[in-house]
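Being a predicted model, the structure only gives us computed values, none of them experimental.
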There are 4 protein chains.
Amino acid sequence: MKRVTPLTEEQLIKRRESRRKQIVDAAFKVFALRGLNGAKMSMIAEEAGLSAGQLYRFFESKEELFTTLIQQAVLESTQGIEMIYQLPGSPFEKVHHFISYVMENKDAQYPFMLIHHAHTADDVPKEVNQLLQQFSVKRHIDLLLPLFEEGQQAGEFAQGDIRQLISALLTMLSAIMTFNMPIDNDHQMPDADMLMRIVAGSRK
Amino acid sequence: MKRVTPLTEEQLIKRRESRRKQIVDAAFKVFALRGLNGAKMSMIAEEAGLSAGQLYRFFESKEELFTTLIQQAVLESTQGIEMIYQLPGSPFEKVHHFISYVMENKDAQYPFMLIHHAHTADDVPKEVNQLLQQFSVKRHIDLLLPLFEEGQQAGEFAQGDIRQLISALLTMLSAIMTFNMPIDNDHQMPDADMLMRIVAGSRK
Amino acid sequence: MKRVTPLTEEQLIKRRESRRKQIVDAAFKVFALRGLNGAKMSMIAEEAGLSAGQLYRFFESKEELFTTLIQQAVLESTQGIEMIYQLPGSPFEKVHHFISYVMENKDAQYPFMLIHHAHTADDVPKEVNQLLQQFSVKRHIDLLLPLFEEGQQAGEFAQGDIRQLISALLTMLSAIMTFNMPIDNDHQMPDADMLMRIVAGSRK
Amino acid sequence: MKRVTPLTEEQLIKRRESRRKQIVDAAFKVFALRGLNGAKMSMIAEEAGLSAGQLYRFFESKEELFTTLIQQAVLESTQGIEMIYQLPGSPFEKVHHFISYVMENKDAQYPFMLIHHAHTADDVPKEVNQLLQQFSVKRHIDLLLPLFEEGQQAGEFAQGDIRQLISALLTMLSAIMTFNMPIDNDHQMPDADMLMRIVAGSRK
DNA sequence: GATGAATGAGACTTCATTCAT
DNA sequence: GATGAATGAAGTCTCATTCAT
């Protein structure tokens with residue numbers, strides 16, 4: 001006769017955390033792809049493999065869930081950008097690597113897409129707006145500034161206002177990631193080489 | 001008691017058509033800015049200066065309205081692109097003008113934004129999907145092909161696969177127009193000059 | 001052939017106001033009898049003779065509806081108490097009349113019941129709490145103070161702390177109204193005479 | 001590995017009964033304070049120091065639990081009233097003591113509060129309604145009748161219909177206990193002396 | 001013909017109740 | 001036996017669509 005024993009507390013906590021991760025991952029994806037209003041709690045639940053009601057044992061509301069994700073996205077996007085300094089090669093090569101990496105990894109794109117939705121959606125929780133004001137692109141630009149200054153001095157990058165250059169690059173990257181067009185044979189995303197032309201400056 | 005002379009049939013038809021145009025214009029704008037789900041019928045009615053009920057005298061449903069607009073957007077985007085041949089100057093200058101024009105004119109952007117929404121929304125009417133498959137970017141690329149071949153031969157444009165180059169440019173343009181981020185001092189949209197670097201090719 | 005003409009604007013406004021009154025009256029009753037949580041929007045809608053969705057054309061949310069009613073109840077309860085000075089007779093007779101009137105008129109009781117629910121319910125909107133703090137019983141006591149002083153000096157009322165006496169009377173009145181027990185042959189509400197014994201003081 | 005000696009059957013039954021009592025006590029309090037709908041099973045479980053699931057090993061449903069409590073409350077309220085004959089002094093003093101005791105002891109109030117909720121809630125199980133009809137206030141009045149007759153004959157109590165007098169007193173008591181208003185400096189509960197004026201009759 | 005009021009389907013959220021562990 | 005995770009029904013709220021006036 002098999003005796004069924006309750007899980008130990010440790011097991012419970014582990015399970016709970018893994019559940020929570022499931023939800024966060026699912027929500028990350030669904031919110032990134034569909035935005036605040038387009039994402040339905042039922043979609044997130046399905047993506048996470050549970051019922052909608054369960055979400056509320058982990059997050060008080062759709063708003064709180066979204067806010068949590070934005071916090072995480074802000075963090076991850078910053079870390080993703082900081083990563084650029086670990087990449088090998090000259091500034092040009094670093095940036096090139098970075099762009100390639102971001103464009104090829106869905107997971108790397110979600111944070112940027114999420115932040116974009118947070119900027120453009122209609123009824124964003126006010127905590128999110130505060131977050132966005134504090135950790136805006138400005139921060140990302142600041143992070144990249146030394147690298148671009150170095151690149152510019154080395155003659156690898158276009159001359160002109162550096163901050164503007166970085167901002168334009170980031171905007172284009174975000175725009176492309178957000179664009180989210182189902183790629184077919186016709187629609188072709190610009191590749192990293194093309195984007196690097198913006199960074200490097202034109203022949204003309 | 002005021003006696004109103006009845007309108008002739010022709011006048012009636014005219015009035016009806018002008019009414020319909022009001023609706024289409026309003027819907028164009030609202031759908032372009034807010035997407036299929038974000039746009040509420042009541043918003044469109046208000047933008048058009050009509051009651052919500054009126055919309056249904058011209059379109060059977062929100063879906064039909066959206067479908068109609070997509071048809072028109074496909075048409076207008078094509079016409080917008082054809083316009084490029086009327087612009088003065090070399091191929092490079094033509095493309096530069098075109099990009100500048102599109103980026104500075106809200107109205108010119110609506111068709112592209114609308115098509116983007118049609119591509120990314122989830123519950124798009126199937127007629128719309130058919131339309132998008134038939135009149136895809138492929139068509140736009142075909143239209144621009146001669147111009148870009150000329151530019152390439154003149155050495156103004158980057159070497160390499162032309163179709164890919166055009167596709168990338170169009171995608172970027174759409175992406176930027178769709179990006180729709182509230183511009184602040186931090187977020188800076190790339191300008192036409194920067195985009196032209198993609199077309200012109202890099203120094204490297 | 002009968003020509004159906006739209007209502008004039010004036011008619012529309014009238015209809016809208018009458019609708020609103022219907023809702024307010026229904027909500028007043030349902031909230032008074034069942035409290036904030038016990039009252040379902042569908043019950044209010046049914047009592048008002050319309051569908052639940054309609055309520056939202058007049059009030060943004062259940063909370064706003066409740067808050068509006070509390071404002072009105074605070075007003076009405078105060079006016080109801082001020083009314084006591086219009087009643088004929090000595091202070092004792094005035095108070096007696098007042099108690100009788102309140103206990104016999106359902107409508108006169110709703111404001112007090114509503115305020116009671118506002119005090120005791122769980123998730124009261126914060127505007128309501130503010131209101132209750134500003135226009136609390138203190139105000140009612142202040143209003144009745146002159147009358148009770150007069151009655152006490154005339155020897156009609158019990159000696160002792162007047163404010164306490166008034167407060168106790170009001171509390172008992174509220175408690176009785178709120179008690180809301182279905183009256184049967186067994187349960188007998190105390191009548192005005194009995195309550196007046198509290199006011200008048202005991203023989204002992 | 002720790003070996004636990006199995007409990008004897010008697011011990012098991014004892015444990016089970018103590019468990020059940022925990023639940024009943026917790027539920028008594030929570031239902032008394034919050035009513036049928038305001039009380040959540042999870043609150044009762046927490047108050048009892050158990051998991052929500054456990055409740056269902058003792059009671060089939062919230063309704064059954066509530067019904068059980070009402071049965072007990074009816075019993076306890078009757079016993080509480082019978083207690084009055086054990087109190088010292090004249091009828092007046094007995095009643096005064098009783099009122100003081102009830103007003104000062106939360107635990108003594110729960111049965112009355114519970115019965116009140118049973119009377120006023122909307123979706124009360126029908127068994128409860130039957131119970132309330134069978135063991136209504138009538139019973140309480142019958143119990144107190146001899147005492148009040150004695151008091152009346154002794155001239156301590158007001159003249160008039162005794163049953164009505166008792167009923168009014170009980171109703172007032174219940175109402176006050178149920179009133180449950182957060183006491184502040186403004187709201188002042190009537191005290192036992194004031195209530196005794198109802199019993200004793202007025203000077204007038 | 002026009003208006004905006006009314007309905008009903010669907011999304012968010014809570015909680016009694018069941019059930020895997 | 002116990003726990004707390006999972007479900008589903010019900011309530012609040014929104015909006016496309018219909019319809020009385």
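- Residues passing the side chain to side chain donor-acceptor pair (under 3.5 Å) test with B:Lys29 are B:Glu47, sequence neighbours excluded.
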Where does DNA chain F pair, written as one dot-bracket string 5' to 3', with Watson-Crick or G-U pairs under 3.5 Å, ( ) inside the strand, [ ] for crossing pairs and | for another strand? .||||||||||||||||||||

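- A donor-acceptor pair is defined here as one N or O able to donate and one able to accept, closer than 3.5 Å; no such pair exists between the side chain of D:Lys62 and the backbone of D:Phe59.
- When rounded to the nearest whole Å, the span between CD of B:Glu64 and P of F:dT18 equals 12 Å.
- Nearest-nucleotide mapping onto DNA chain E: of C:Leu50 and B:Ser51, the residue sitting toward the 5' end is B:Ser51.
- With sequence neighbours left out, the side chain to side chain donor-acceptor pair (under 3.5 Å) criterion links D:Gln54 to no other residue.
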Are there any protein N/O atoms within less than 3.5 Å of an N/O atom in nucleotides 13-15 of chain F, and if so, which ones and at what distance?
from, atom 1, to, atom 2, distance (Å)
F:dC13, OP2, C:Tyr56, OH, 2.5
F:dC13, OP2, C:Lys62, N, 2.8
F:dC13, O5', C:Tyr56, OH, 3.2
F:dC15, OP1, B:Lys40, NZ, 3.4

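- Comparing D:Ala39 and C:Phe58 against DNA chain E, the residue whose closest nucleotide sits nearer the 5' end is C:Phe58.
- Computed from coordinates, the C:Ile13 CD1 to E:dG4 C1' distance equals 13 Å when rounded to whole Å.
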Please list, one pair per line, the donor and acceptor atoms closer than 3.5 Å that link side chains of residues 65-74 of chain B to other protein atoms, with sequence neighbours excluded.
from, atom 1, to, atom 2, distance (Å)
B:Thr67, OG1, B:Glu63, O, 2.8
B:Thr68, OG1, B:Glu64, O, 2.9
B:Gln72, NE2, B:Glu76, OE2, 2.8

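- Counting to the nearest Å, the C1' atom of F:dT3 and the CD atom of D:Glu46 are 15 Å from each other.
- When heavy atoms are screened at a 4.0 angstrom cut-off, C:Ala45 is found touching no nucleic acid atom at all.
- Closest approach of D:Pro111 to D:Phe28, counting heavy atoms only: N-CE2, 3.7 Å.
- For B:Ile23 and E:dT3, the CD1 to P distance is 11 Å, given to the nearest whole Å.
- Note: CZ (C:Arg15) to P (E:dT3) measures 15 Å, nearest angstrom.
- Atom CZ of B:Arg16 sits about 5.5 Å away from atom CZ of B:Arg57, to the nearest 0.5 Å.
- In this entry the distance linking CG of D:Asp123 with P of F:dA10 reads 12 Å, nearest Å.
- At the heavy-atom level, B:Arg16 lies nowhere under 4.0 Å from the strands shown.
- In this view, D:Lys14 satisfies the side chain to side chain donor-acceptor pair (under 3.5 Å) rule with no residue, not counting sequence neighbours.
- When the P atom of F:dC19 is taken as reference, atom CG of B:Leu55 falls 17 Å away, rounded to whole Å.
- The distance from atom CG of B:Leu114 to atom CG of B:Leu36, rounded to the nearest 0.5 Å, is 9.5 Å.
- Of the possible polar contacts, none joining the D:His117 side chain to the D:Arg34 backbone as a donor-acceptor pair under 3.5 Å is found.
- Atom CZ in C:Arg19 sits about 15 Å away from atom C1' in E:dT3, given to the nearest Å.
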